[in-house]
Protein chains: 2
Amino acid sequence: MVRRVITLLRRRGYKVTPQRRAILRVIVDSQEHLTPADIYERAHKEYTGIGLVTVYRTLDILDKLGLICEVHAEDGRRSYLLTRPSEHHHHLICSDCGKVVDFTGCRLGELEKRLSRETGFEVESHLLEFIGCCPSCQKAAST
Amino acid sequence: MVRRVITLLRRRGYKVTPQRRAILRVIVDSQEHLTPADIYERAHKEYTGIGLVTVYRTLDILDKLGLICEVHAEDGRRSYLLTRPSEHHHHLICSDCGKVVDFTGCRLGELEKRLSRETGFEVESHLLEFIGCCPSCQKAAST
DNA sequence: ATTCTAAATGAAAATCATTTTCATTTACTA
DNA sequence: TAGTAAATGAAAATGATTTTCATTTAGAAT
């Protein structure tokens, strides 16, 4: 996984630095969505010589290459998640603990067509997120 | 419209100040989505003795009461729009000029049920935004 | 009408995430 | 192995939002 991304980076003319490796490893190893600060904290343990700025810059690149994707947190902060090879997907976010579950199959093509027809917009993309309470937080809440 | 909101504010125990009236009038008079700074600027013309902080605070209240709703801008800034009485609606946002068009009828109930079944989440709400290019920006772009 | 009090306000400072700057270092090409 | 453009880190800048706190005020109570 990391190897795949590294190859892609090189092919696109980006240099592969220890910082970028560390950041990548953190993202790949985690199944959660992480804020830049989270990633910094973890990567820093592995490779001390790394700055938060570099994390931001690397995340920008990875995002641009479509290797990670941004999650809109409710408070406006951003966080990132590794893009699954399945491409087009959306998030189901727990409003309590922040856990993120991916899903695909949004079936919004029909709606998109309708909107184009009715408004004249040329639709480029969409953002779909469900907010809810995950099973373990439901359990915790009922205690 | 403004009157309706003012009544609601009073009923909920909020005081009706000239600042709040000015902010309300700005929001009701505008069909666009406005950032807190936009609202401040306009309200300030009408009622000079108003601060940006008060705008933020008032927007928080109006949002909490469901009278306005937040729009996720792509750059992470927020902006607000009067909630139409039609309730549940979503946005179609022009990536070029930022124009926002509301729409209803998202038909996500089916998907929501599927997600609940598959993940055990208790879905509370969802966020759906389409990003695209509005007719006038399309025209401008082809010039 | 006047008094009273909790709520609301504004100015300034604090926060906090993110971006920019710039001098230094480094990955990779030739 | 040397040369160069890209990458880095530290610090400063930015910009939106929030907090603090002393002062004012809306609206209830008298």
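In what follows, every chain begins at residue 1, and chains take the letters A, B, ... in the order their sequences are listed. Since the model is a prediction, treat every value here as computed from it, not as a measurement.
Take K113(B) and apply the salt bridge (charged side-chain N to carboxylate O under 4.0 Å, His left out) test, not counting sequence neighbours, and it matches E110(B). Listed by chain and number, the residues in a side-chain contact (heavy atoms from CB on, under 4.5 Å) with E118(A) are R114(A) (sequence neighbours excluded). Scored by the side-chain contact (heavy atoms from CB on, under 4.5 Å) test, R12(A) finds L8(A), Y14(A), L65(A) as partners (sequence neighbours excluded). Not counting sequence neighbours, the partners of T35(B) by the side-chain hydrogen bond (donor to acceptor under 3.5 Å, both in side chains) test are D38(B).
From one end of the helix from dA1(C)-dT30(D) to dA30(C)-dT1(D) to the other, with five pairs defining each end axis, the axis direction shifts by 30° (rounded to 10°).
Counting only heavy atoms from C-beta outward, the side chains of L92(A) and V123(B) approach each other to under 4.5 Å. Put simply, the side chain of L111(B) reaches to within 4.5 Å of the side chain of L128(A), judged on heavy atoms. No side-chain heavy atom of T7(B) sits less than 4.5 Å from a side-chain heavy atom of R4(B).
Each of T35(B) and V55(A) has a nearest nucleotide on DNA chain D; the 5'-most of these lies closest to V55(A).
Between the C1' atom of dG10(C) and the CD1 atom of I23(B) lies a distance of 12 Å, rounded to the nearest Å. Between D60(A) atom CG and dT18(C) atom P the separation is 10 Å, expressed in whole Å. Regarding L59(A), its CG atom lies at a distance of 14 Å from the C1' atom of dT19(C), rounded to whole Å. To the nearest angstrom, P of dT19(C) lies 13 Å from CD1 of I61(A). Distance CZ (R57(B)) to P (dA26(D)): 15 Å, rounded to an integer number of Å.
The two residues Q138(A) and E122(B) come nearest to each other via the heavy atoms NE2-N, 3.1 Å.
When heavy atoms are screened at a 4.0 angstrom cut-off, R20(B) is found touching the sugar-phosphate backbone but no base atom.
Of all the residues in residues 37-52 of chain B, G49(B), I50(B), G51(B) reach under 4.0 Å from DNA chain C with at least one non-hydrogen atom.
Listed candidates were dG9(D), dT18(D), dT9(C). Nearest to the side chain of T58(B) is dT9(C).
Interatomic distance, CG of L34(B) versus CD1 of I23(B), reported as 12.0 Å (0.5 Å rounding).
Regarding contacts with the backbone of dT18(D), every side-chain N or O of Y56(B) stays at 4.0 angstrom or more from both OP1 and OP2.
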Would you tabulate the side-chain donor-acceptor contacts of residues 39-49 of chain B under 3.5 Å, counting partners in other chains and residues two or more places apart, or write 'none'?
from	atom 1	to	atom 2	distance (Å)
R42(B)	NH2	E32(B)	OE2	3.4
H44(B)	NE2	T48(B)	O	3.1
E46(B)	OE2	R25(B)	NH1	2.3

Between side-chain atoms of residues 54-63 of chain B and protein atoms elsewhere (two or more places apart, or another chain), which donor-acceptor pairs fall under 3.5 Å?
from	atom 1	to	atom 2	distance (Å)
T58(B)	OG1	T54(B)	O	2.8

What does the list of N/O pairs under 3.5 Å between the protein and nucleotides 24-28 of chain C look like, with a distance for each?
from	atom 1	to	atom 2	distance (Å)
dA27(C)	N3	K15(A)	NZ	3.3
dC28(C)	OP1	R10(A)	NE	3.1
dC28(C)	OP1	V16(A)	N	2.9

